[in-house]
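Heads up: the structure comes next, in structure tokens.
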Amino acid sequence: MEGAGIELQEDTAATVEDRDEAGMEDKEIEASEGNKKTMIPGIIYLGHIPPRLRPRHIRNMLSVHGEVGRIFLQAEDRFVRKKKKRSGSNARDFTEGWVEFRDKRVAKLVAASLNNAPMGTRKKNRFHDDLWNIKYLHRFKWSHLSERLAIERQVRQQRMRVEVSQAKRETNFYLQNVERSKKFSKAERKKTAGQTEAEPKNQQWNFTQRKTEAEIQTMKTSSGSGDKRRIQKRMELAEKAQEKSQTSKLLLHKIFNAA
């Protein structure tokens, strides 16, 4: 009986120890879960993306400082891409980017330590001469970025719809004017054809007939008589002016002689 009691005491002690160990493990799991819950993701903004830099390069360079989540790089505009294609280069570059860290404290440290620092640690690195342009976005969430991209996409689609509708209106207006001009030209042709068929005898020729010699002589004589009349008028006017001057001289002579 004494041996059985000792065994029971040993079994109870073992169960108590097992319970204590299980409780400790549960507390550690709860603490780790609490730490995970307290981890809030943070987002940093990349203002400069050098050529040929891809998301995998950014992940490799920034994962050294902490756990990196989602990465988004804004592609360059379409007209810039078209210019590059015309010049002969088919490389696709990016203008700006956003990087999400699992912990916002790590994101703040990365933004404070790596801003204006060289991207590559080694001289052989392709991006050694480029500098980081990083800014921590306070109270910025990934949903804000997705909303902004959705709004930009909607604005772009609406602009395209407006341009397409305007182009359709212009083409329809042009086609309507072309059809009207065709109708007007047909109506004018019919009118001209009907006039030529109805009045073929009343055709008038636009030409000037040469004057005869008698008409030419009469014109010369009329012009000569007109010149004579003009000369006579001028002579009469001159005589009148002389008479007026003589009368004025007589008056002056009388005035001065009287004085």
Side-chain angles (χ1 to χ4, degrees), residues 46-55 72-98 143-245:
L46 304 177
H48 171 65
I49 307 294
R52 297 183 181 179
L53 184 68
R54 298 293 180 265
F72 176 76
L73 299 180
Q74 181 68 40
E76 59 190 358
D77 294 331
R78 292 183 179 178
F79 65 90
V80 178
R81 188 91 185 276
K82 287 180 180 179
K83 286 183 180 178
K84 285 186 176 180
K85 283 185 178 180
R86 288 172 186 172
S87 60
S89 64
N90 198 15
R92 185 180 182 183
D93 297 329
F94 302 94
T95 56
E96 55 186 357
W98 291 263
S143 60
H144 299 160
L145 179 62
S146 60
E147 288 174 1
R148 177 191 166 188
L149 294 173
I151 290 166
E152 288 180 354
R153 198 179 299 111
Q154 288 178 359
V155 169
R156 199 181 302 112
Q157 289 176 358
Q158 190 174 2
R159 194 181 299 160
M160 288 292 292
R161 287 172 188 167
V162 170
E163 290 178 357
V164 169
S165 63
Q166 187 175 0
K168 285 182 179 179
R169 272 191 246 111
E170 289 177 356
T171 51
N172 291 329
F173 181 72
Y174 176 74
L175 292 172
Q176 287 176 2
N177 288 333
V178 169
E179 289 178 356
R180 286 178 183 174
S181 64
K182 287 180 179 178
K183 288 179 181 179
F184 286 138
S185 61
K186 285 181 180 178
E188 287 179 356
R189 287 174 186 172
K190 287 180 180 178
K191 284 181 180 179
T192 53
Q195 288 177 0
T196 52
E197 289 177 356
E199 298 178 357
K201 296 180 181 179
N202 296 327
Q203 292 181 357
Q204 295 180 357
W205 300 93
N206 294 323
F207 64 91
T208 56
Q209 189 175 359
R210 186 177 177 182
K211 294 179 180 180
T212 59
E213 292 181 359
E215 289 176 353
I216 293 165
Q217 292 295 328
T218 53
M219 285 176 69
K220 285 181 179 180
T221 55
S222 63
S223 63
S225 62
D227 292 335
K228 289 178 181 179
R229 289 175 185 174
R230 288 173 188 172
I231 292 164
Q232 288 177 359
K233 285 181 181 180
R234 287 176 185 176
M235 293 293 287
E236 289 175 358
L237 291 171
E239 289 176 356
K240 287 179 181 179
Q242 286 179 0
E243 289 177 358
K244 286 180 181 180
S245 64

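Note: hydrogens, waters and symmetry copies are ignored here, and every other heavy atom, side chains too, is used.
Judged as a side chain to side chain contact (heavy atoms under 4.5 Å, CB included), and not counting sequence neighbours, the contacts of Arg153 are Leu149, Ala150, Arg156, Gln157. When the side chain to side chain donor-acceptor pair (under 3.5 Å) test is applied to Gln74, no partner is found at least two apart in sequence or on another chain.
Arg161 CZ to Arg159 CZ: the interatomic distance, rounded to the nearest 0.5 Å, is 13.0 Å. To the nearest 0.5 Å, atoms CH2 (Trp98) and CZ (Arg148) are separated by 4.0 Å. Here the NZ-CG distance, from Lys182 to Asn177, works out to 12.5 Å after rounding to the nearest 0.5 Å. Atom NZ in Lys190 sits 10.5 Å away from atom OG in Ser185 (nearest 0.5 Å).
The shortest non-hydrogen separation linking Ser143 to Ser146 is O-OG, 2.7 Å. Nearest approach of Leu53 to Phe94, heavy atoms of both residues: O-CD1, 3.7 Å. Looking at every heavy atom in both residues, Thr171 comes nearest to Lys168 through OG1-O, 2.6 Å.
The number of heavy atoms from other shown groups lying within 6.0 Å of CZ (Arg52) does not exceed 12.
Two residues are said to be in side-chain contact when any heavy atoms from C-beta on lie closer than 4.5 Å; Gln166 and Glu163 fail this criterion.
No salt bridge links Glu236 with Lys240; every basic N to acidic carboxylate O contact stays at or beyond 4.0 Å.
Screening residues 174-194 for ring pair (Phe, Tyr, Trp, His ring centres under 6.0 Å) gives no qualifying pairs among residues at least two apart or on separate chains.
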